[in-house]
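To start, the structure itself, in structure tokens.
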Amino acid sequence: MMAVFPALFGLLMATMVTGDPSFTITPTEAVRRVGGELFVECKVAYQINSCRIKVGYQSYILSPSEQNQADDIVYHGGGLEKGECGAHIRRIKEEWNGNITCTLPPRTGNVEISRSMRLVVARPPGAIRLESTQQPAFNEGDKFMAQCIVPDGRPAAKITWFLDENPVFEGIHQPIITGETNDLQTISQNISRILVADDNAKTLICRAEHEALDQPREAKRQILVQYPPQRLEQGTITIFGLKLGAEGRLNVTIRANPAPDVEWTFGDQKIVASENSELSNVNALEPLHLGNGYYNITLILYRIKKEDVDRKYYLRVTNELGNEEFVVLISTMDEPAARKAKSSFLIIDVYGVELDTGAIVGIVIAVLVLLIAVSLIVFAKATGRWCFAGSRARDHTKSSGESTPAGDVLLEAGLPVPSRTDTESAVGGRERSRLAGLSARVRAALPRAKDKVQATESHAAETEEKPLSEEKKGVVYAELALGDQASTEKPPPPSAEYAEIVYTDQPKETKE
Ligand SMILES: *[C@@H]1O[C@H](CO)[C@@H](O)[C@H](O)[C@H]1NC(C)=O
Ligand SMILES: *[C@@H]1O[C@H](CO)[C@@H](O)[C@H](O)[C@H]1NC(C)=O
Ligand SMILES: *[C@@H]1O[C@H](CO)[C@@H](O)[C@H](O)[C@H]1NC(C)=O
Ligand SMILES: *[C@@H]1O[C@H](CO)[C@@H](O)[C@H](O)[C@H]1NC(C)=O
């Protein structure tokens, strides 16, 4: 009895609040412009004989048989006998903003029941404002703050931010909406940003979108960011490929805002750009603006002499916010190849093929994986553990057809794997010498990859315990063909052990 009580109580509450549990109104909320239309549907699970809907300050009796096109509010639905009481509301008026309520006869008794939905009659917001620190220009690293206000919209407008064409998501604060829910609302949102050189000359845009606006409204402000001259390359700059007797141009690209002044010093000469140099052999060009604060600063040597090559050129670039100094050397040699590829941290030239960091790491990982796999097999065979322990009976050694004296051993990680019956348990040098004539095929599992890595490795047989923990997804195919050596202590140079890893593609996984 006690358990039934809460359920009964809940039902009673529901009945009191809603009138009838089957009574629904859809939608429960709608935003429409003035002049727009709306369909409201109220429904109960029993036959009704009247349908009343209150819109604005007036209540309308709606009947399926009276469909007067001149009326703004007419019956909509499948008939009163189906318990449907809806309205097609046309030519929405501003004063209809608010609740729309259906009132229906009850299933039993004589108290009418009703349900409401909310109609928001959209009203465009007032003029959009963008307020920010009133500073003509900022320095790099300054914190920039702005506030965008879109007043008196119904509902509140939606604010988005852009820097030029690009949407901004960082540094956006929570919007604050003030005003009555059913009346005009003002939205304001702040943005803050630590300015960087790239922000210079960009336009911050606050964009307001609203149901009652055909076009979004925008407020803009251009941001000016100043910064002292910045170097793009660290250390001494060397200009390569110049020729004795020919003209040479010493170019240095820098970044600065506002535009920098330039002064070159070399030997006993000091030369300032923009002056028409009285020196006939050199000319310092005015900084050439490449856009976005980047400048090329050029010194022209009309005829390069031996002593020009030997000395240092000091470049001093100055603007209102600071200065930067550069040392420039010139060389008659060609630029070294490695200097050109700046993207890679480490580059190794192997037989004329440049390997970058990524390739080297890949090879190192592949070799390590191979070593671990080989160590595991040797350890397993040596100690008779894991798969080798339980499956001695199922020995199906496969011959490799090559001229290796011993047959191949095929083993699949994660499965009972056939093993040679003559596996011994000793570890150490004796064990290694037994392995010496062995050609082993190993299938172990590894994450997928497509590379085929070949590695000649003479220490592959050295044992080291590494647990094979993960469930295997791919297959590594390692072939270990050891030479006909008597002892592994000194591997013979020509027929070194050879290992191969073949990663096979997995059928389930998608290929890139
Ligand atoms: C409109 O209906 C909601 C419930 O849907 C109610 O809370 C609110 O008081 C109603 N507003 C007016 C003005 O009747
Ligand atoms: C937004 O900025 C204004 C003026 O800069 C400030 O008064 C207000 O507190 C800020 N609001 C928030 C939420 O950061
Ligand atoms: C140096 O800059 C000048 C223009 O300032 C350009 O014509 C020339 O190609 C540049 N030379 C080099 C080697 O970058
Ligand atoms: C600017 O200088 C760089 C070298 O610093 C050069 O590669 C480039 O061609 C120069 N650009 C112009 C437009 O002179």
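Whatever order the structure lists ligands and atoms in, that order sets their numbers, starting from 1.
Note: Phe144 and Phe138 have perpendicular aromatic rings, judged against thresholds of 30 and 60 degrees for the angle between ring planes.
In this structure, atom 4 (C) of ligand 2 lies nearest to the protein heavy atom Gln147 OE1, 3.8 Å. Given atom 13 (C) of ligand 2, the protein heavy atom at minimum distance is Ile176 CD1, 3.5 Å. Summary of contacts: the protein heavy atom closest to atom 12 (C) of ligand 2 is Asn190 ND2, 3.1 Å.
Distances below 4.0 Å separate heavy atoms of Asn251 from the following atoms of ligand 4: 2 (O), 4 (C), 5 (O). Close contacts between ligand 4 and Leu290 involve ligand atoms 13 (C) [criterion: under 4.0 Å to a heavy atom]. In summary, the atoms of ligand 2 found under 4.0 Å from a heavy atom of His173, numbered by their order in the structure, are 14 (O).
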Task: Criterion salt bridge (charged side-chain N to carboxylate O under 4.0 Å, His left out) on Arg52 and Glu112, from CA distance to verdict - done: CA-CA 10 Å; Arg52 261 189 323 120; Glu112 282 186 316; 2.6 Å; yes
Considering only distance and modelled atom types, tabulate donor-acceptor pairs under 3.5 Å from the side chains of residues 164-174, sequence neighbours left out.
{"unit_1": "Asp164", "atom_1": "OD1", "unit_2": "Thr203", "atom_2": "N", "d": "2.8"}
{"unit_1": "His173", "atom_1": "NE2", "unit_2": "Ser192", "atom_2": "OG", "d": "3.1"}

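Using a 4.0 Å cut-off between a side-chain N of Lys or Arg and a carboxylate O of Asp or Glu, Arg231 and Glu233 do not qualify as a salt bridge. A salt bridge is absent between Arg123 and Asp152; no separation between the charged side-chain nitrogens and carboxylate oxygens falls under 4.0 Å.
Contact annotation for Thr298 and ligand 4: no heavy atom of the residue comes within less than 4.0 Å of the ligand.
Residues Pro155 and His210 have side chains in contact (heavy-atom distance under 4.5 Å, counting atoms from C-beta outward).
Taking a distance limit of 4.0 Å, we find that atom 2 (O) of ligand 2 is approached by some protein heavy atom.
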